[in-house]
Each structure stands twice: as structure tokens, then as C-alpha cells.
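A quick write-up on the structure given underneath.
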Number of protein chains: 2
Amino acid sequence: MISNTNKFKQLAEEKQSRIVNACISEFAENDYETASMNTVVNQAGISKGSLFNYFQSKSILYNHIYKLALREVKTYLRKVRDETAQLPFNERLSKIVDSGVQFIGEHPRLARIYFRLVYSGDSPNREKIVTELQAMSEEYLGNIIQDAMDRNELDPNLDKTQSVFFLDAVLNRFLKEYHEVMNQRSQDTFDKEEWIKGITKLFTKGLS
Amino acid sequence: MISNTNKFKQLAEEKQSRIVNACISEFAENDYETASMNTVVNQAGISKGSLFNYFQSKSILYNHIYKLALREVKTYLRKVRDETAQLPFNERLSKIVDSGVQFIGEHPRLARIYFRLVYSGDSPNREKIVTELQAMSEEYLGNIIQDAMDRNELDPNLDKTQSVFFLDAVLNRFLKEYHEVMNQRSQDTFDKEEWIKGITKLFTKGLS
DNA sequence: TGATAAATTGACCACCTGGTCAATAGTGCT
DNA sequence: AGCACTATTGACCAGGTGGTCAATTTATCA
């Protein structure tokens, strides 16, 4: 009774994933205000009443989907962080960028929801979520940079907050660009490796 | 008859600016889909019929406002570029960032429309506009970087496209952050000078 | 002043939105 | 089979949207 997403969790798996799928598509293609519950309902092949029975409101549904996307991203990031713990900064950074690229390839719709959320508009609780994401990035990239500082690969007097911010800015923007290129334009002219090299070079030199 | 914004341009100046003002506010506070023509009309103190007489559709109106904002930005950028042509790269970059900060202070609503457009959603012609903006940035920052390369302040073998992209990413993200901080949070904890220093350091070292 | 033309109005349109709830279908138990 | 309980449906609601156009006000000129 307290948590009403229980109603949803008690559904048959197949039905759950039909619904989740429809939601992901809709929230990937439209931003929050424009996404339509009617479309979700039709896509999922259930009635409107049911959807609002499982999730009391659009914003609650959005929250569910967003958290699901975030969980997926986090798993990915944690994995690559742990796998690269022993590598020097530049190689480590390369792997991180590369795993971002890979994630986008595997989960383009989740990536789109993520970028929509970070860069855009008016999702509910946007401020709270963005703050949360920033803290996450601060912690994640902060650790990477701290490790490199400890090994004297980077300037030990770095302003860590700033460095994280810059790194985050470039990584996010690059991945966003990559995502958009993948989605539409001629993918052949995009030399991924060359870009990853450029990014690592900028930061290994710029922060040393 | 061909260009129907003529109808608008022939209005009394005072009325024009009342309308433009209302539009800027509405498009700054909401993204394209959510912005309401009714609100514009009420704010401007004119009838709906009139507005649709001056601009045949919402998207045409949006285009008018966006171009106006862009013109303002361009003027600003051109000015600072010319004024700093003689300065070394790091000083020049500082001035550019600083002028961005200043622009945001003077035109917060235009800045907001700009960030909405670049980072977000579903404005009409978004792709075309973003491509246009990228070309603009490529040309603008490209020149700054080329000048510095010519003076041996930066690595003469730089990949210019990449360098511009990175610089653009950090500048835009920083200004967006600044804009958001100005709009809501405690402005006192934000040490602008320290950040500008950090940005110039990252790029003078990273691209040298 | 009166007639003609141009500008302005706002009630109205079809359509879509998130959300509701009485009615119906389905399930499990005796 | 009959009962009780739950899950599901979709017509329906109030409110908002971009856009229209006959009717009215305002400006122009003889």
C-alpha cells in the first residue's frame, strides 16, 4: 500500500518489459512534457487505466524509468573503473571514454534519456537529479584524478573540483556528439580513436 | 506580401518591443513546445488574432526571436575578438570567457534561450540551427586558436577541429553553469576569476 | 461628415493532454 | 455453479493547445 510501484512489480515479467520498453522509447523520443501517456499505453498494448493503476502519475513513471537508466549507467561506470584501477591516467581515461561510447552503442535510448535529462528542460525533480548526477561525477572522476595525482601523473596542486568539471564537460559533450552522429549522420567520417587520443592528450598535458 | 514579418516591422516601435519582450520571456522560461502563445498574447497586451497576423505560426515567431538573440550574441563576440586581437592566447581566452559572463549578466533571458536551444529539445529547425552555431563556433574559436598557433603559443601540429571542440565544450558548459548559478544559488561561493584562470591554464598547457 | 479600407479583436474550432472511475472481465475458492 | 475479490478497460472529464475568421474598431481621405 505504501509503495504503489509494487503493483507494477507484481505483474508478469513479459508485461513489465513491454511497458518499460514503451516508456523508454517515448521518453527517449520526446522530452518530459511532450511525451504522451497515450502513446505509451498504445505502444505497450495496455489500457490507460492500467498504466495509472501501476504508476499514479506521469512524473512517478518518469522517475521509475530514469532510475532504471541511471542504474544501468552506474553499473557500467563502476565496472570500467575497477577494471582500470591499475592503469596509468591516460590509458585509464581512454578506457573510460571508450566504455562510454560502447554504452551508447548498446543502449542508445537510455543514453538519449540521459542527455535529455542533463542538458535539457523540465523533467520533474530535475534540479535534485542533476545535483545527484553532479555528485556522482564528482566522486567518480574525482577518484580517477586523485589516483593520478597520488602517482604524480598529474599536478599534485590541481584544483580537483575544477579539473573534474572540465573533464566532465568534455566527456559529456563528446559522448553527446557521438550519440548524435551515430543516430543520424554519416558515421564513417567519425574517427573515434583519434578523438579519444585527443581527449587524453588534452588532459594529461593540461592537468600535469 | 512575400515576407510577412513586414507587417510586424511596420508596427509602432513601442508595440514591437512589447511583443518581443513577451516572447523573450516566454521562450526563456519554457522550451518551444511548452511555451504558450496565449501567454505571449496576454503579456504583450494584444489579441491572439494580431499575433498570428504578424507571425503566421509559432515556429515562425520562434525563428524571429532566436535570430534576434543570435544577432546579439554575435555582436558581442565580434567585439571582444577584435578588441583582443593583439593579446597573447591566455589573456585573450580570459577576456573571451569574461565577456561571456558579462553577456549572461546583461541578457539573462537571451542566454537562457540560447542554452535551451543548444542543449535541449525540440525547437523547430533545431538541427539546422545547431549546425549553423557549430560553424560559427568553429570559425570563431578556430581563428583564435590559429592566431595562437601562428605565434607559436600553441602546438603548431594541433588538430584544430578537435581543439575547437574541446574549447567550445568547456566554455559552453562553464557559461551554462554560471548562468544557472546566477539564476538561483548562492552567488557568493562562485569565484569567477579562479575559474577563468583554471580554464585558460588547462588550454594553454593542454594545447601547447 | 461619411464612405472606404485597414487593423484589431476574441469567440470559436478541432485536437490533444494527464488523469478518473463505473463497468466489465478474469481468477480462485467452496 | 455461484460467490467474492481483483485486474483491466476505455469512455469521459476539465483544461490547455495552435490557429481561424466574421465582426468590430480605428485610420484615411474626399
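In the text below, chain A, chain B and the rest are named by the order of the sequence lines, each starting its count at 1.
When rounded to the nearest whole Å, the span between CD of A:E33 and P of C:dG19 equals 11 Å. Atoms NZ (A:K48) and P (D:dT8) sit 18 Å apart, rounded to a whole Å. If you take CG of B:N53 and P of D:dT20, they are 11 Å apart, rounded to a whole angstrom. Nucleotide C:dT8 holds its C1' atom 15 Å from the CZ atom of B:F8, rounded to whole Å. Taking atom CG on B:L51 and atom P on D:dC21, their separation rounds to 17 Å, with Å as the unit. The nearest whole Å value for the distance from the CG atom in A:L11 to the P atom in D:dA7 is 9 Å. Put simply, CD on B:Q56 is 16 Å from P on D:dG18, counting in whole angstrom units. A straight line from CE of B:M37 to P of D:dT20 spans 11 Å, rounded to a whole angstrom.
You'll find that the side chain of A:S57 is closest to C:dG19, out of C:dG19, D:dT9, C:dT9. Of the candidate nucleotides C:dG18, D:dT8, C:dT8, C:dG18 has the atom nearest to the side chain of A:S36. Of the candidates C:dG18, D:dT17, D:dT8, the closest approach to any side-chain atom of A:N38 belongs to C:dG18. Here the side chain of B:F52 is nearest to one of D:dT8, D:dT20, C:dT8, namely D:dT20. Proximity note for A:S50 (side chain, C-beta onward) versus C:dG18, D:dT8, C:dT9: the nearest is D:dT8.
Residue A:A12 is classed as having no contact, given no heavy-atom separation below 4.0 Å to the nucleic acid. Contacts of B:K58 with the nucleic acid, taken as non-hydrogen atoms under 4.0 Å apart, involve only primed sugar atoms and P, OP1 or OP2.
In this structure, B:K95 places its NZ atom where only 12 or fewer heavy-atom neighbours from other residues, nucleotides or ligands lie under 6.0 Å away.
Salt-bridge annotation for B:E14 and B:R18: present, with a side-chain N of the basic residue lying under 4.0 Å from a carboxylate O of the acidic one.
For the pair B:D147 and B:R92, the minimum side-chain heavy-atom distance is below 4.5 Å.
For B:Y54 and C:dT8, the shortest distance from a side-chain N or O to OP1 or OP2 is below 4.0 Å.
Taking the ring axis of B:Y140 as reference, the NZ or CZ atom of B:R81 does not stay both within 45° of it and closer than 6.0 Å to the ring centre.
Centroid-to-centroid, the aromatic rings of A:W195 and B:F165 come within less than 6.0 Å.
Ranked by how close their nearest DNA chain C nucleotide is to the 5' end, A:S59 and B:G45 are led by B:G45.
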